[in-house]
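Each remark here refers to the structure printed beneath this line.
Source: prediction; values computed, not measured.
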Amino acid sequence: MKRAILAAIALIAVPFVALADDDDDNKAEASMGLAGILSKSNRETLPELTLSAGQPVSKGALTLKSGKYYTLEIKADGSQELALEGAGFFRAVWVNEIVIEGIEIRPLGVDSIEFDEAGEAEISFIAIKPGSYHLKVPGSTGDTQQVSITIE
């Protein structure tokens, strides 16, 4: 009787054993490791943005992937008091930290970053919400004073 019950349990369990090994089919996800989306394999450094009087902010538009971890460096040369604003963009990402002169800031929300003098800031974030966004110099109207960002 015990053998019959054990045999029945074994027959019932066979299909579930095949399903249990289904995790490793996607090689990209499997290579992320225990840290998941914060793993090194999921990180990318974006081209830096520059804040300088009369100079373009970016060399071109940025295209990001939802769920990917990015690092963005912003440099200001101090030629003018300049800022980058983009509340829509900052609401579409999860900001991990902003590093300014070695000081790490972990904000709950960001609307803009302003440079009164020369300096640099590094923002690390995970792109979340697909859409089209802009980071731009407040009050400017020219296309070179902003960077278009698309999250796919």
Give a yes or no on whether D143 atom CG has more than 12 heavy-atom contacts from other residues, nucleotides or ligands under 6.0 Å away. no
How about V57 and V137: do any of their side-chain heavy atoms sit closer than 4.5 Å? yes
Kindly work out whether a path of hydrophobic side-chain contacts (I/L/V/M/F/W/Y, heavy atoms less than 4.5 Å apart) joins I105 to Y70. yes
All side-chain hydrogen bond (donor to acceptor under 3.5 Å, both in side chains) counterparts of E101, not counting sequence neighbours: none
OG1 of T63 to CD1 of I149, rounded to nearest 0.5 Å, is 10.0 Å
Check: T50 side chain, P56 main-chain N or O, donor-acceptor pair, under 3.5 Å: yes
Using the ring pair (Phe, Tyr, Trp, His ring centres under 6.0 Å) definition, which of the options F89, W94, F90 pairs with F125? F89
May I ask you to check whether over 12 heavy atoms, not counting those of R43, lie within 6.0 Å of atom CZ? yes
side-chain contact (heavy atoms from CB on, under 4.5 Å) between K129 and R91, worked out: CA-CA 8 Å; K129 185 178 174 186; R91 285 190 202 106; over 6 Å; no
Shortest non-hydrogen contact between P107 and V95, atoms and distance: CG-CG1, 3.9 Å
Between CG of L82 and CG of D77, what distance do you get to the nearest 0.5 Å? 8.0 Å
Excluding sequence neighbours, so at least two apart, what forms side-chain hydrogen bond (donor to acceptor under 3.5 Å, both in side chains) with S112? none
Do Y69 and S124 have side-chain N/O donor and acceptor atoms under 3.5 Å apart? yes
Mind checking whether L51 and V110 sit in one hydrophobic cluster, side chains of I, L, V, M, F, W, Y counted as touching below 4.5 Å? yes
What's the separation between atom CD in Q145 and atom CD in Q55, rounded to the nearest 0.5 Å? 8.5 Å
Is there a path of hydrophobic side-chain contacts, each under 4.5 Å between heavy atoms, that joins L84 and V99? no
When rounded to the nearest 0.5 angstrom, what distance separates CD in E85 from NZ in K136? 5.5 Å
V93 and A127: which non-hydrogen atoms are nearest, and at how many Å? CG1-CA, 3.9 Å
Does any non-hydrogen side-chain atom of F115 lie less than 4.5 Å from one of I74? yes
Would you say S79's side chain and A53's backbone share a donor-acceptor pair under 3.5 angstrom? yes
When you measure from the side chain of S39 to the backbone of S41, do you find a donor-acceptor pair of N or O atoms at a distance under 3.5 Å? no
Should L49 and I100 be regarded as members of a common hydrophobic cluster, given that ILVMFWY residues are connected when their side-chain heavy atoms come within less than 4.5 Å of each other, either directly or indirectly? yes
From E122 CD over to K75 NZ, what is the distance, rounded to the nearest 0.5 angstrom? 10.0 Å
Does any non-hydrogen side-chain atom of I113 lie less than 4.5 Å from one of I123? yes
Common cluster, L46/L135, ILVMFWY with side-chain heavy-atom separation under 4.5 Å: yes
Please name the pair of heavy atoms, one in G36 and one in N42, separated by the smallest distance, quoted to 0.1 Å. O-CB, 4.5 Å
Determine yes or no for a side-chain-to-main-chain donor-acceptor pair under 3.5 angstrom, with S66 supplying the side chain and I128 the backbone. yes
Euclidean distance, T45 OG1 relative to L72 CG, rounded to 0.5 Å: 9.5 Å
